[in-house]
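In what follows, every heavy atom counts, from backbone to side chain, and hydrogens, waters and symmetry copies are set aside. In the text below, chain A, chain B and the rest are named by the order of the sequence lines, each starting its count at 1.
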There are 2 protein chains.
Amino acid sequence: MTESTKISKKVIERLSEYRTALDEQSAGEQRNIFSHELARLCGVTAAQVRRDLMSIGFSGSSAKGYDINELKQTVSDFLGFGEERRVVLVGIGHLGRALLDFFVNRHPKLVVCAGFDVNEMRINRVIHGVRCYAVSEMERVVAENRAQVGIITVPESAAQETAERLVEAGVTGVLNFAPVQLRVPGHVFVENLNISTVLEKVAYFAGLNADRERVTK
Amino acid sequence: MTESTKISKKVIERLSEYRTALDEQSAGEQRNIFSHELARLCGVTAAQVRRDLMSIGFSGSSAKGYDINELKQTVSDFLGFGEERRVVLVGIGHLGRALLDFFVNRHPKLVVCAGFDVNEMRINRVIHGVRCYAVSEMERVVAENRAQVGIITVPESAAQETAERLVEAGVTGVLNFAPVQLRVPGHVFVENLNISTVLEKVAYFAGLNADRERVTK
DNA sequence: TTAACGCTGTGAATTTTTTCACAGAAGTTT
DNA sequence: AAACTTCTGTGAAAAAATTCACAGCGTTAA
């Protein structure tokens, strides 16, 4: 960590997508990939791929493009997959369970190590392979597991308190599905993912497109 | 639709968030809101709020700020909530069901009108209030409902075909949870929401923050 | 009536992100 | 071994997004 010109959220997102795309490709026989090929796989431009890889100091060859394995390794290392990251999930409703199902054994380096809920029915059980606890045990379990990341899928009214307790217990990154703006200390990264907002956006542009179709037809 | 200087995705997202925030507030007695108040609720700057509202031609008063009801109405209209939008969901696995649960009766103007799956166990049932069909009926049901929006929660391998069939049936906006880049005609809006990518991003910044903490301590 | 206040609306400046465009590298063909 | 081709890496340009900063307005206070 000698000198790291800060990398933006957008670049991190795309790096993650490059890695995913390569993983999916990797069954193939191809050993190298050109910027425009990777770009097409991820729906971005070739220049963007080159610039992103440049920003993490990865180089290819002008004749063969990028070495796929090397690239996957470099991106993985950059994203911090050298060591396992521990994630906890608070709120084991439908969405929470879907996320558990989604992540468990899907990602080698992001392991969901515990779930929490207030509902008696959900605690002291193993759901999709993840042990679930009462929220009252949050501080202890999070700290014991040294979890850095928390996923919040509790109702809106409980989100702020949940965030505070997670942070108190040592979490430095939160993925928040509740439609509230969490107030957290400056050293904590929060990403809000409001599914309603996303769907409203899609609906908006779907509407525009439908209108345009109707007009041009 | 006389002259609409195109509004960006980002602005649409924020407008949606403003509306959500106001809905949550609206139980309160407050009739007006200042840009800095709304900004704080949504985690953006006051100037940003003002600029966004300017871009849809909404005006407030310098002394009282924005009229909450008027603003909600204007944003809703702008986002196209004048009439109900119909949404279908393809892939009724854990995530699909969670989304059904999430949307049904939550959003007055975005109504999920049908679900589709290949699994016999899931078809011809009503799940979270939504009727589920075999994918073979997709074209018919989508067209009959005039659904404009499709949510794809099928496995990656089926995503492209699903998208094509949705588009064929008349969908002009797709929310895609599968980690593939869908190829669709230009008049179709696609939003990819790769939950792994989002979590990897959070983990990355959580890691940075944790490191920083460790250093400064 | 006048002064003072705190806000909006918005040009202009700034910052961030993306794209352009091309020199130079590495291979291939003739 | 020279001419071609097609790529990468990257300054520089362009475009997009955000923030600054302030004139001017409506309100309240004196």
inquiry  = Per the side-chain hydrogen bond (donor to acceptor under 3.5 Å, both in side chains) rule, what does the pair list look like for residues 36-48 of chain A, sequence neighbours excluded?
reply    =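 Listed by first then second residue: Gln30(A)-Glu37(A).
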Between [atom2] on [N] and [atom1] on [X], what's the gap in Å once rounded to a whole number?
X	N	atom1	atom2	answer
Glu13(B)	dT18(D)	CD	C1'	15 Å
Tyr66(B)	dC25(D)	OH	P	16 Å
Asp52(A)	dG9(D)	CG	C1'	13 Å
Ile56(A)	dG9(D)	CD1	C1'	14 Å
His36(A)	dT6(D)	NE2	P	11 Å
Leu38(A)	dT8(D)	CG	P	10 Å
Phe34(A)	dC7(D)	CZ	P	6 Å

key: Side-chain N,O (Thr45(B)) to OP1/OP2 (dT19(D)) below 4.0 Å   =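 Checking dT19(D) against Thr45(B), a side-chain N or O does come within under 4.0 Å of OP1 or OP2.
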query = Any Lys/Arg nitrogen of Asp23(B) or Arg19(B) sitting under 4.0 Å from an Asp/Glu carboxylate oxygen of the other?
reply =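 Here Asp23(B) pairs with Arg19(B) in a salt bridge, since their nearest N and O are under 4.0 Å apart.
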ask   = Does Ser35(B) or Val44(A) map to a spot on DNA chain C nearer the 5' end, using the closest nucleotide for each?
value =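 By nearest-heavy-atom nucleotide position, the 5'-most residue is Ser35(B).
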First of Ser61(A) and Ala46(B) reached from the 5' end of DNA chain C, by closest nucleotide =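 Here Ala46(B) is the residue nearer the 5' end.
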inquiry  = Assess the residue pair Thr197(A) and Asn192(A) against the criterion (side chain to side chain contact (heavy atoms under 4.5 Å, CB included)); give the C-alpha distance rounded to whole Å, side-chain angles, the decisive distance to 0.1 Å, and a yes or no.
reply    = CA-CA 10 Å; Thr197(A) 292; Asn192(A) 294 301; over 6 Å; no
Enclosure of [X] [atom1] (heavy-atom neighbours >12, cutoff 6.0 Å):
X	atom1	answer
Glu168(A)	CD	no
Glu161(A)	CD	no
Lys64(B)	NZ	no

request  = Report the residue (Arg51(A) or Lys10(A)) whose heavy-atom-nearest nucleotide on DNA chain D is the more 5′ of the two.
outcome  =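 It is Arg51(A), whose closest nucleotide lies nearer the 5' terminus.
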query = Can you check whether Val149(B) reaches Leu175(B) side chain to side chain, under 4.5 Å on heavy atoms?
reply =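 They are not in contact (no side-chain heavy atoms under 4.5 Å apart), so the answer is no.
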query = Aromatic rings Phe78(A) and Tyr204(B): how do their planes relate, parallel, tilted or perpendicular, breaks at 30° and 60°?
reply =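 Parallel.
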task = Could you tell me from which nucleotide to which nucleotide of DNA chain C, 5' to 3', there is an atom under 4.0 Å from chain B heavy atoms?
result =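 Going 5' to 3' along DNA chain C, contacts run dG6(C) to dA12(C).
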Any side-chain donor near an acceptor of the partner, Gln73(B) and Asp77(B), under 3.5 Å =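 Yes, a side-chain donor-acceptor pair sits under 3.5 Å.
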query = Which angle, rounded to 10°, do you find between the first-five-pair axis and the last-five-pair axis of the helix from dT1(C)-dA30(D) to dT30(C)-dA1(D)?
reply =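 Answer rounded to 10°: the end axes differ by 0°.
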